[in-house]
S.K.: 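I am attaching a structure below and will ask some questions about it afterwards.
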Amino acid sequence: ETKGHFWSIRYASEEDPSQGIVVATTRPETLFGDVAVAVHAEDERYKHLIGKNVLIPVINRPIPVIADEHADPEKGTGAVKITPAHDFNDYEVGLRHGLKPVVAMNLDTTLNHEAGPYAGMKRFDARKKLVKELEEGGQLVAVEDRVIAVPYCYRSGDVVEPVLLAQWYVKMAPMADPALAAVEPGAPKDKAVRFVPDRYVKTYKQWLEPRRDWCISRQLWWGHQIPVWYVVSETDGQVRDNTPYVVGRTEDEARRRAAEKFGAACVLKQEEDVLDTWFSSALWPFSTQGWPDRTEDLATFYPTDVLITARDIIYFWVARMIFSGLKFLGKAPFHTVYIHGTILDEKGQRMSKSKGNGIDPIEMIEKFGADAVRFALLTLTTEGQDIKLSPVKFEGGRNFANKLWNAVRFVHPHLTAAAPSLDGLELSLADRWILKRCGETLREVEAALEPSALRFSDAAQALYRFTWDDFCSRYLEVRKKDITGEDSPAKRASVTVFRTVLVDLIAMLHPLMPFITEEIREAIGEPVPLVTGAWPAPRAVEFPESDAKIMEGVLSVVEAVRQVRGGYSLPPGQPLSVRVLFDDPGAAAALSPHAWMVSGLERIASLDFEGGKPAFAASALIPGGKVYVPLEGLLDPAAEKVRLEKELERARAFVTTQEGKLKNGKFVSGAPPEVVEAEREKLRTQLDKVAKLTEALADLG
RNA sequence: GGUCGCUUAGCUCAGUUGGUUAGAGUACUUCCUUGACAUGGAAGGGGUCACAAGUUCGAGUCUUGUAGCGACCACCA
């Protein structure tokens, strides 16, 4: 936007010079290219002039007044000069009315013979002189200062001047139609393209649907020269608008064709314009594979699977690859287009060299590690959303890599070289649990990485949780003593299970963290590189619901003990005596054989499941029971009371809302029975909690 | 002007067909250098899901509207 002027100029009527019409323009010098003055058909001010001629000032060339919707009665004077050769909109108006464009300017921005006395003047010199002349002649009605949008060239800084020139075009309708069909539901498999996220189909269609012909010639040095040869011997050795031409894949081919029509002596000159860079890029999926030859590479790599790219390139490149592929090979170049978000800086601004707000990946890799950077970026990649990036975000990736590495380093001396079978080992509940969790994680990762899903963040997070929480914090801690201990069935089982899970884990992590996983693979003596190895297969593991209950029980006891420890700020190293009392004696019987797991996760002096409530004990609830931790000399009844009351308050509040929900007849009759039953179950659980907490408070006195 | 996206904990973001007391990472408070990892472990605090109306037994989730932010495209005689 810059400051400019808005000149109102009077065009006199041809039949009665006292009459006329005033048009407003920001570029008066273009009036030499005028072919009409347009007004709105319903505009009362000008209705009577429609069909009559007015005269262009200075050169007095007559032009018609036409009615066209382009003229907006609200804008300017309501009358607009039409200069098809020097304005995009006017060009369209000219087409609608069958007006022959008049080019009034040369490529060096001097005015041409159409400008009469102004011929040969530079555009802005002409403007200055013309305004003065119009003013003196009384034809300049008004001058208004206003801010106008002027297009500047991003390289030369010059004002861009539209001018009508002959160019090469691709007729789009035959190209666009198959490309549009490719994203419709019923498209044949090899001609179908899916966008992820699918909302980008809309962007894609918006570009193609107008079927606007594509101007492919460019007046540049770099690029593929357009394979058109003019037969210049037919037009005195010059290239003119009427010079015949031939096309060919090579000059020889063009020459043969030209010779057939124009004789062997004809002289050819190749078009100097080059193809639009996107035309060349559109051929990329197959031109890089040897096309037009039917090479092995082409057969192997066309079509490919997934194109990963940014949304601002959907039309420029993606759509053009699709319609070119469909046109030249009859198949879509890929079945899926994954549109990722844009990486922005911390403040949400695009990174740019001029702003200097870029984050150099090489620097980040040096600081955090390549896998850490890659994993962190994948974690941040959710459904095409933009990513506000800052260096601290790579810390999580680095910490994760460190965690995995240290776990392996710890177990490494105990691992046996080859991967033995799980058959014949005495697998504990913990072993079967981690094997089952590993299988669940495999399914999660597979679902997330499906070509139709491509939820990279989900895959990364599933692996993160499994590795950190289940594999390291739970399984490894529980089995630590067995793994590092003397040879025993427990050691053999735990070491083998650890290795088995680790091998699956690094295979799953490999696409996300290729370096550290390959390093680990080598360190544990697995012979086949992950990059060429197989994706893990699901493993059959016995883990019935009863086992799941026991595992939950163990973890809830641990959590209860930790709550007490945390509540009293007791050091983790201080052993605690723990008594767990279940409402159902069967639960105690089921859990007690597996209670050893608790001592892997918490420092325990003793753990039993019977006897009465110990004296001076802090308590915490677990599903279906209570955990007591005697704290003689440490127990603070007042603090304990506060803690329990807070929890009681929460439980009571929930009971109130839950009862309200279940008293609502519409809910009970309207909701599916299983939902209602689930809500009842919740209420029962909370009522039980209220009862237990009330009891615990009463015990405190 | 057209199209699309975003608005959820201090910050950065998940939350897949409407149905646990809305989650994670980070930051914060307290405790801990315990024999893989302090790039670590444990406990805890923190959100009327931008606002308004509607649909529904039930809305962070669906509909409409409003506000703010952002992107792309078009236009600006």
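Residue numbers start from 1 in every chain, and the chains themselves are labelled A, B, ... in the order their sequence lines are given, proteins ahead of strands. Note that the coordinates shown come from a computational prediction; the quantities given were computed from them, not determined experimentally.
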S.K.: For Asn89(A), answer base if it contacts any base atom (sugar-phosphate contacts may also be present), sugar-phosphate if it contacts only those atoms, and nothing otherwise; contact means non-hydrogen atoms under 4.0 Å.
M.R.: sugar-phosphate
S.K.: Say you pick atom P in A22(B) and the same atom in G46(B); how far apart are they, in whole Å?
M.R.: 13 Å
S.K.: Can you tell if the side chain of Leu140(A) reaches within under 4.5 Å of the side chain of Ser8(A), non-hydrogen atoms only?
M.R.: no
S.K.: Look at all strands and tell whether Arg650(A) reaches a base, only sugar-phosphate, or nothing, counting heavy atoms closer than 4.0 Å.
M.R.: sugar-phosphate
S.K.: Look at the side-chain N and O atoms of Lys202(A) and state whether any lies under 4.0 Å from the OP1 or OP2 oxygen of U3(B).
M.R.: no
S.K.: Is any side-chain nitrogen or oxygen of Lys393(A) closer than 4.0 Å to OP1 or OP2 of U26(B)?
M.R.: no
S.K.: Tell me, with the steps shown, if Met105(A) and Arg123(A) meet side chain to side chain contact (heavy atoms under 4.5 Å, CB included).
M.R.: CA-CA 8 Å; Met105(A) 208 177 283; Arg123(A) 55 183 169 170; 4.1 Å; yes
S.K.: Using atom C1' of each nucleotide, how far apart are U7(B) and C49(B) to the nearest Å?
M.R.: 10 Å
S.K.: Round to the nearest Å and state the distance from Tyr464(A) atom OH to G40(B) atom C1'.
M.R.: 12 Å
S.K.: May I ask you to say what Trp207(A) touches in the nucleic acid, namely base, sugar-phosphate or nothing, with a heavy-atom cut-off under 4.0 Å?
M.R.: sugar-phosphate
S.K.: Between A52(B) and C31(B), how many Å separate the two P atoms, rounded to a whole number?
M.R.: 42 Å
S.K.: Counting the atoms with a prime plus P, OP1 and OP2 as sugar-phosphate, which does Thr203(A) contact under 4.0 Å by heavy atoms, base, sugar-phosphate, or nothing?
M.R.: nothing
S.K.: Kindly say whether the aromatic ring centers of Tyr204(A) and Tyr315(A) come within a distance under 6.0 Å.
M.R.: no
S.K.: Can you figure out which of C6(B), A43(B), U39(B) approaches the side chain of Gln385(A) most closely?
M.R.: C6(B)
S.K.: Between C13(B) and U17(B), how far apart are the C1' atoms? Round to whole Å, please.
M.R.: 23 Å
S.K.: Please state whether the base of U21(B) and the side chain of Gln658(A) form at least one donor-acceptor pair under 3.5 Å?
M.R.: no
S.K.: Could you give the distance separating G70(B) and U33(B) at their P atoms, to the nearest angstrom?
M.R.: 50 Å
S.K.: Of the nucleotides C4(B), U39(B), C72(B), which one has an atom closest to the side chain of Asn402(A)?
M.R.: U39(B)
S.K.: Quick check on the 6.0 Å ring-centre criterion: do Phe498(A) and Phe471(A) meet it?
M.R.: yes
S.K.: Could you give the distance separating U16(B) and G54(B) at their C1' atoms, to the nearest angstrom?
M.R.: 25 Å
S.K.: Identify whether any heavy atom of Gln349(A) sits under 4.0 Å from a base atom; if not, whether one sits that close to sugar-phosphate; answer base, sugar-phosphate or nothing.
M.R.: nothing
S.K.: Going by purine N1 to pyrimidine N3 plus the second Watson-Crick contact, or the G-U wobble pair, all under 3.5 Å, which nucleotide sits opposite A52(B)?
M.R.: U64(B)
S.K.: Need one value for Trp7(A): base, sugar-phosphate or nothing, where a base atom within 4.0 Å counts as base even if backbone is also close, heavy atoms only.
M.R.: nothing
S.K.: Once you apply the 3.5 Å cut-off to both distances, tell me the Watson-Crick or G-U wobble partner of U39(B), or none.
M.R.: none
S.K.: Where the side chain of Lys646(A) is concerned, which of C37(B), A77(B), G45(B) is the nearest nucleotide?
M.R.: G45(B)
S.K.: Report yes if a side-chain nitrogen or oxygen of Thr382(A) is closer than 4.0 Å to either non-bridging phosphate oxygen (OP1 or OP2) of A14(B); otherwise report no.
M.R.: yes
S.K.: Classify the side chain of Arg565(A) and the base of G44(B) as holding, or not holding, a donor-acceptor pair under 3.5 Å.
M.R.: no
S.K.: Does Asn406(A) put a side-chain nitrogen or oxygen below 4.0 Å from OP1 or OP2 of U39(B)?
M.R.: no
S.K.: Side chain of Gln563(A), heavy atoms from C-beta onward: which of U21(B), G44(B), U3(B) has the nearest atom to it?
M.R.: G44(B)
S.K.: Could you tell me whether Ala671(A) contacts a base, only the sugar-phosphate backbone, or nothing, with contacts defined as non-hydrogen atoms closer than 4.0 Å?
M.R.: base
S.K.: With a 4.5 Å limit on heavy-atom distance, are the side chains of Val143(A) and Phe6(A) in contact?
M.R.: no
S.K.: Hey, is the side chain of Trp468(A) poking within less than 4.0 Å of OP1 or OP2 on G41(B), counting only N and O atoms?
M.R.: yes
S.K.: I'd like to know if the side chain of Arg10(A) and the backbone of Leu134(A) have a donor-acceptor N/O pair within less than 3.5 Å.
M.R.: no
S.K.: For C37(B), does the base pair up with any side-chain atom of Lys403(A) as donor and acceptor (N or O, under 3.5 Å, distance only)?
M.R.: yes
S.K.: Which residue, Val102(A), Leu31(A), Ile56(A), forms the side-chain contact (heavy atoms from CB on, under 4.5 Å) with Ile63(A)?
M.R.: Ile56(A)
S.K.: Under 5.5 Å centre to centre and under 30° between planes: does that hold for Phe410(A) and the six-membered base ring of C37(B)?
M.R.: no
S.K.: Quote, to the nearest angstrom, the P distance that separates A50(B) from C6(B).
M.R.: 12 Å
S.K.: I'd like the C1' distance from U8(B) over to A14(B), given in whole Å.
M.R.: 10 Å
S.K.: Which part of the nucleic acid, if any, lies within reach of Arg311(A) when heavy atoms closer than 4.0 Å are counted: base, sugar-phosphate only, or nothing?
M.R.: sugar-phosphate
S.K.: Verify whether the ring centers belonging to Tyr338(A) and Tyr200(A) lie closer than 6.0 Å.
M.R.: no
S.K.: Does the structure show a Watson-Crick or G-U wobble partner for U21(B), both distances under 3.5 Å? Name it, or say none.
M.R.: none
S.K.: My understanding is that a pair needs two contacts under 3.5 Å, Watson-Crick or G-U wobble. By that rule, which nucleotide pairs with A59(B)?
M.R.: none
S.K.: Applying a 3.5 Å limit to both distances, which nucleotide forms a Watson-Crick or G-U wobble pair with A71(B)?
M.R.: U3(B)
S.K.: Between C13(B), U16(B), C32(B), which nucleotide has the shortest distance from any of its atoms to the side chain of Lys388(A)?
M.R.: C13(B)
S.K.: Once you apply a heavy-atom cut-off of 4.0 Å, does Gln686(A) come out as touching a base, just sugar-phosphate, or nothing?
M.R.: base
S.K.: Once hydrogens and angles are ignored, does a donor-acceptor distance under 3.5 Å link the base of A42(B) to the side chain of Glu559(A)?
M.R.: no
S.K.: Can you tell me the base-pairing partner of U26(B)? Count Watson-Crick or G-U wobble geometry only, both distances below 3.5 Å, and say none if there is no partner.
M.R.: G10(B)
